[in-house]
Undergrad: 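Got a structure for you, questions after.
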Number of protein chains: 2
Amino acid sequence: MFLSKTCAYAVRSLLLVGQHRLEEENGKIGLRTISERLEIPTHFLGKILQTLTKHGLLSSAKGVSGGFYMTDEQLRNPLMTVVKLIDGSDVFEKCGIGLATCSEQRPCPVHYAFKPLREKMLKTFESETIESMVKSLNSGDTFLVV
Amino acid sequence: MFLSKTCAYAVRSLLLVGQHRLEEENGKIGLRTISERLEIPTHFLGKILQTLTKHGLLSSAKGVSGGFYMTDEQLRNPLMTVVKLIDGSDVFEKCGIGLATCSEQRPCPVHYAFKPLREKMLKTFESETIESMVKSLNSGDTFLVV
DNA sequence: CCAATAAAAGACAAGAAGGTCTTTTATTCA
DNA sequence: TGAATAAAAGACCTTCTTGTCTTTTATTGG
């Protein structure tokens, strides 16, 4: 995968919460439910969702009838935002074979081959949003759970 | 990076050995020299080169005037062979968000967005060979060391 | 207003990746 | 032929990612 396990968990969770929102207005969904539906270790997922919430990609409410939910604005976040938050920007910026000196002026042997790949990746990650993916889920074109 | 640190070390080493071969016919290069020129921890690199040698991507000779070298055939290996050996094929095959059930018939929400990315990656990794990259090094178009 | 609920937070443990050090094996050439 | 050389091999350590468990804090509805 391009993404770490943690990041994949984050994306899947945002998709599930996003999907839940479009189903029932203002409906919140709890940590346990998410972890069970997505088969992700509960407590580990807790931390990930904490991170997402702390950085504004997800909303949460404590206490009775609390849980996680997303605003319209949050639904419009591109995949990029999640990846940069969880995995960082190394995959988009760092030299493909780890050379500190690699640059446009002094490219490494994989530089030019990797460049279009990176650009395509960047474009994809910026154009795909939680919302666009949730729509493909709701239209039955794609699937998140069994 | 798409590649693990270990894999990047492997690629850089193959490039250096390949370059060395084109410079002086049948010239071998020692582990210590490689690790110093590429600034890679010596003993760690030793294991990586062992793996490459054991799987036929690199040749070695023990004893006095021994070292690592590459045959013409080895020079023609594509990047793909190295990546598959060291990192495995997950990046080319596994679902982008880690769904075991994801397939062409039952795609996940990132499936179609990632597909062209993967295909481009595959093509790139298969067409770039050690030899083609060594040539770009020798022509001064790209750089491996400071 | 308090008991139940659910997220936040923190400590800790397992596993994988990356890195170090020492010993063994094979080779050469003086 | 044996001393020097260099890769192979193995034991071990460190760091990072992933995963588990417990305690704390905030909220709400009866």
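Side chains included, hydrogens not; waters and symmetry mates left out as well; all remaining heavy atoms used. If you're wondering where the values come from, they're calculated on a predicted model, not measured in any experiment. So you know, we letter chains A, B, ... as the sequences are listed, proteins then strands, and number each from 1.
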Undergrad: Per the ring-ring contact (aromatic ring centres under 6.0 Å, His included) rule, what does the pair list look like for residues 59-89 of chain A, sequence neighbours excluded?
TA: none
Undergrad: Please collect all salt bridge (Lys or Arg N to Asp or Glu O under 4.0 Å) contacts where either partner lies in residues 132-146 of chain B, sequence neighbours excluded, each pair once.
TA: none
Undergrad: How long is the straight-line distance from OG of Ser89(B) back to NZ of Lys94(B), given to the nearest 0.5 Å?
TA: 11.5 Å
Undergrad: Parallel, tilted or perpendicular, judged at 30° and 60°: which one describes the rings of Phe114(B) and Phe2(A)?
TA: perpendicular
Undergrad: Return the value, rounded to whole Å, for the distance between atom CG of Leu3(B) and atom C1' of dG18(C).
TA: 16 Å
Undergrad: Residues two or more places apart in sequence or in another chain: which of them pass side chain to side chain donor-acceptor pair (under 3.5 Å) with Lys115(B)?
TA: Glu104(B)
Undergrad: Verify the contact: side-chain N or O of Tyr9(B) to OP1 or OP2 of dG19(C), cut-off strictly under 4.0 Å; return yes or no.
TA: yes
Undergrad: Give me the first and last nucleotide of DNA chain D, going 5' to 3', that has any atom under 4.0 Å from a heavy atom of chain A.
TA: dT18(D) to dG29(D)
Undergrad: Per the side-chain hydrogen bond (donor to acceptor under 3.5 Å, both in side chains) rule, what does the pair list look like for residues 41-61 of chain A, sequence neighbours excluded?
TA: Ser35(A)-Thr42(A), Ser59(A)-Gln74(A)
Undergrad: Just by modelled atom types, is the Lys120(A) backbone N or O under 3.5 Å from a matching donor or acceptor in the Thr124(A) side chain?
TA: yes
Undergrad: Whole-Å distance between dA17(C) C1' and Lys5(A) NZ?
TA: 14 Å
Undergrad: Separation of Leu49(B) atom CG from dG19(C) atom P, in whole Å?
TA: 14 Å
Undergrad: Round to a whole Å and report the spacing from NZ of Lys47(B) to P of dG19(C).
TA: 13 Å
Undergrad: Grab the CG-P distance between Leu45(B) and dA17(C) for me, whole Å please.
TA: 18 Å
Undergrad: Do Arg106(B) side-chain atoms and Phe143(A) backbone N/O form a donor-acceptor pair below 3.5 Å?
TA: no
Undergrad: Hey, can you pull the residues of residues 55-72 of chain B with a non-hydrogen atom under 4.0 angstrom from DNA chain C?
TA: Lys62(B), Gly63(B), Val64(B), Ser65(B)
Undergrad: Is there a side-chain contact between Thr6(B) and the phosphate of dG18(C), meaning an N or O under 4.0 Å from OP1 or OP2?
TA: yes
